[in-house]
Visitor: 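One structure, as structure tokens, below. Some questions next.
Counting begins at 1 with the first residue of the sequence. What's counted below: heavy atoms across the whole structure, side chains too, no hydrogens, waters or symmetry copies.
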Amino acid sequence: MSDSPAMESVPAVPEPLPEPVPARPEPVPADAASGPSPRRLKFEIAIVLGLSLGQSAAYAITQFIEYYVKQVDISTTTSTLNRSTSSVAWIDLVQQLMVIGFRLMPVLLVFYLFSDRGRSAWRALGLVGPWSRVKGDIGWTFGIAAIIGIPGIALYAVSRALGMTVNIDTSGLPDQWWAATILLLSAASTGILEEVIAVGYFVTRLREMRWGVPAAILASALLRGAYHLYQGWPMALGNVVMGVVFAYVYVRRGRLGPLIAAHLLMDSIAFIGPELAPESWLVWLGLQ
């Protein structure tokens, strides 16, 4: 049997790989382009309010009901703001700063929520802008503070005289070097919290849910009145009026800055004023 010649091995030519088929893009949810759905906004509003002013409103409403269930003489009741938290001075200071810091957490949450899709929360809430708008905010600040603050003091004095309002002690802090600073920081944090949540956030979200302007303004005002019910119904009603004015100004101007500044100015006077005013003035106003 004769040997057959060796056959040369021919390398196999690889078959061309199929071209990759581009992946089909995932469908974009409708709410990703146009914002959260109304259903999602309802849950979001419930969470934000439950962590902040809605929680305060719930406690204030139940406290108001308790006054009448127990038939409490509301004129003999004192509500102390800015309470001391410790008998150790430096621990009290630290805890006061903690209270102020944690009070602003819901505000940071609102800024986070309003900063989605590349938006600026500062611009959306009317906290920045051209110098011409900022200059206008200064006049609105003092105008709003005067329109709301002066009648507010009169309402408190009259309702105290009629025995319809609790005595509000604006400072339960000890006589320490840092007390005035804490009171000012407390006034600032309270003004920021209330105006960002009750006006900037709440009104904006209700408008995104297709609420009409009057309904959104009224809802904001009723929320403000609800978390002041612990002071008695006259002061709660006064805060509803304040809420209507503040929400209306925000809707018309789109600027939250002057509302925060006006609130800060009024609360600073309320917190620091009793420490500086003559005692005769405080007695006349029903603050003593």
Visitor: Is there a chain of hydrophobic side chains (I, L, V, M, F, W, Y, each step under 4.5 Å between heavy atoms) that links Ile74 to Leu162?
Guide: yes
Visitor: Keeping to residues at least two apart or across chains, list the side chain to side chain donor-acceptor pair (under 3.5 Å) pairs with something in residues 138-155.
Guide: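 Qualifying pairs: none.
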Visitor: Check for me, please, whether Leu222 and Val48 land in the same ILVMFWY cluster - side-chain distances under 4.5 Å, paths through other members count.
Guide: no
Visitor: Can you give me the closest heavy-atom contact between Ala179 and Pro174, atom names plus distance?
Guide: CB-O, 3.6 Å
Visitor: Could you go through Val213 and Val203, starting from their C-alpha distance and side-chain angles, then the distance that decides it, and tell me whether this counts as side chain to side chain contact (heavy atoms under 4.5 Å, CB included)?
Guide: CA-CA 9 Å; Val213 170; Val203 171; over 6 Å; no
Visitor: To the nearest 0.5 Å, what is the distance between CG (Leu193) and NE2 (His263)?
Guide: 9.0 Å
Visitor: Can you pull the salt bridge (Lys or Arg N to Asp or Glu O under 4.0 Å) pairs that have at least one residue in residues 194-203, sequence neighbours excluded?
Guide: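 Output for this query lists Glu194-Arg224, Glu195-Arg224.
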Visitor: Please step through side chain to side chain contact (heavy atoms under 4.5 Å, CB included) for the pair Leu93 and Gln176, ending with a clear verdict.
Guide: CA-CA 9 Å; Leu93 171 59; Gln176 294 288 333; over 6 Å; no
Visitor: Between the main-chain N or O of Ile217 and the side-chain N or O of Ser220, is there a donor-acceptor pair closer than 3.5 Å?
Guide: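 Side chain of Ser220 to backbone of Ile217: no pair is present.
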Visitor: Compare every heavy atom of Trp211 with every heavy atom of Ala216, then report the nearest pair and how far apart it is.
Guide: N-CE3, 4.1 Å
Visitor: With side chains defined as the heavy atoms from C-beta onward, is the minimum distance between Thr190 and Leu81 less than 4.5 Å?
Guide: no
Visitor: Ignoring hydrogens and geometry, is there a side-chain-to-backbone donor-acceptor pair from Thr165 to Tyr156 under 3.5 Å?
Guide: no
Visitor: Determine, step by step, whether Leu265 and Ile144 satisfy the side chain to side chain contact (heavy atoms under 4.5 Å, CB included) criterion, reporting the C-alpha distance in whole Å, the side-chain angles of both residues, the deciding distance to 0.1 Å, and the verdict.
Guide: CA-CA 10 Å; Leu265 181 58; Ile144 293 170; over 6 Å; no
Visitor: Once rounded to the nearest 0.5 Å, what's the spacing between atom CG of Leu184 and atom CD1 of Ile272?
Guide: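 That separation rounds to 4.5 Å.
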Visitor: Same hydrophobic cluster for Met105 and Leu125, using side-chain heavy-atom links shorter than 4.5 Å among ILVMFWY?
Guide: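 Each belongs to a different hydrophobic cluster.
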Visitor: By ring pair (Phe, Tyr, Trp, His ring centres under 6.0 Å), which residues pair with Phe102, not counting sequence neighbours?
Guide: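 With sequence neighbours excluded, Phe102 shows a ring pair (Phe, Tyr, Trp, His ring centres under 6.0 Å) to no residue whatsoever.
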Visitor: Mind checking ring pair (Phe, Tyr, Trp, His ring centres under 6.0 Å) for Tyr67 and listing every partner two or more places apart, or none if nothing turns up?
Guide: none
Visitor: Who pairs with Phe111 by ring pair (Phe, Tyr, Trp, His ring centres under 6.0 Å), at least two apart in sequence or on another chain?
Guide: Trp122
Visitor: I need the minimum non-hydrogen distance between Ala187 and Leu264, along with the two atoms involved.
Guide: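 Scanning both residues completely, I find the closest heavy atoms to be C-CD1, 3.9 Å.
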Visitor: Using the side chain to side chain donor-acceptor pair (under 3.5 Å) rule, collect all pairs that involve residues 80-89, keeping only residues at least two apart or in two chains.
Guide: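 Passing the test, one end in residues 80-89: Asn82-Ser186, Ser84-Asp92, Thr85-Asp92, Thr85-Gln95.
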Visitor: Taking C-beta and beyond as the side chain, do Val128 and Val134 meet within less than 4.5 Å on heavy atoms?
Guide: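 No - every pair of side-chain heavy atoms lies 4.5 Å or more apart.
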Visitor: Excluding sequence neighbours, so at least two apart, what forms salt bridge (Lys or Arg N to Asp or Glu O under 4.0 Å) with Lys135?
Guide: none
Visitor: Taking atom CD1 of Ile197 and atom CD1 of Ile45, what is their separation to the nearest 0.5 Å?
Guide: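 If we round to the nearest 0.5 Å, Ile197:CD1 and Ile45:CD1 are 11.0 Å apart.
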Visitor: Applying the 4.5 Å side-chain criterion to the ILVMFWY set and letting contacts propagate, would Met266 and Val199 be lumped into a single cluster?
Guide: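 Yes, Met266 and Val199 fall within the same hydrophobic cluster.
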Visitor: CZ of Arg119: more than 12 outside heavy atoms within 6.0 angstrom?
Guide: yes
Visitor: Quick check for you: to the nearest 0.5 Å, what is the distance between Leu109 atom CG and Ile47 atom CD1?
Guide: 8.5 Å
Visitor: According to the salt bridge (Lys or Arg N to Asp or Glu O under 4.0 Å) rule, which pairs have a member within residues 51-72, sequence neighbours left out?
Guide: Glu66-Lys70
Visitor: Tell me the ring-ring contact (aromatic ring centres under 6.0 Å, His included) pairs involving residues 158-209, sequence neighbours left out?
Guide: Phe114-Tyr201
Visitor: Among residues at least two apart in sequence or on other chains, which ones pass salt bridge (Lys or Arg N to Asp or Glu O under 4.0 Å) with Arg253?
Guide: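 Here the qualifying residues are Asp137.
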Visitor: If we ignore angles and hydrogens, is there a donor and acceptor under 3.5 Å between the side chains of Tyr250 and Thr204?
Guide: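 Present: a donor and an acceptor within the cut-off.
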Visitor: Enumerate donor-acceptor pairs with a distance under 3.5 Å from any side-chain N or O in residues 231-247 to protein atoms, sequence neighbours excluded.
Guide:
from: Asn239; atom 1: OD1; to: His228; atom 2: ND1; distance (Å): 3.4
from: Asn239; atom 1: ND2; to: Met235; atom 2: O; distance (Å): 2.8

Visitor: For side chain to side chain contact (heavy atoms under 4.5 Å, CB included), just list the numbers for Val251 and Arg207, CA-CA rounded to whole Å, side-chain angles, deciding distance to a tenth of an Å, and then say yes or no.
Guide: CA-CA 10 Å; Val251 169; Arg207 296 289 292 134; 5.6 Å; no
Visitor: For the backbone of Ile168 and the side chain of Ser79, can you confirm whether one donor and one acceptor N or O come within less than 3.5 Å of each other?
Guide: no
Visitor: Is there a path from Phe43 to Leu206 through hydrophobic residues (I, L, V, M, F, W, Y) whose side chains come within less than 4.5 Å of each other?
Guide: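 No; tracing contacts between hydrophobic side chains, which count when under 4.5 Å, never links both residues.
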Visitor: What are the two closest heavy atoms between Asp73 and Thr77, and how far apart are they?
Guide: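 The pair with the smallest heavy-atom distance is O-OG1, 3.5 Å.
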Visitor: Rounded at 0.5 Å granularity, tell me how far CG in Leu113 sits from CG in Leu41.
Guide: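 Here the interatomic distance stands at 9.5 Å.
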Visitor: Holding to salt bridge (Lys or Arg N to Asp or Glu O under 4.0 Å), I want the full list of residues that pass it with Arg103, two or more places apart in sequence or in another chain.
Guide: none
Visitor: Say you draw a straight line from CG of Leu97 to OG1 of Thr181; how long is it, rounded to the nearest 0.5 Å?
Guide: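 Atom-to-atom, Leu97:CG and Thr181:OG1 are 9.5 Å apart.
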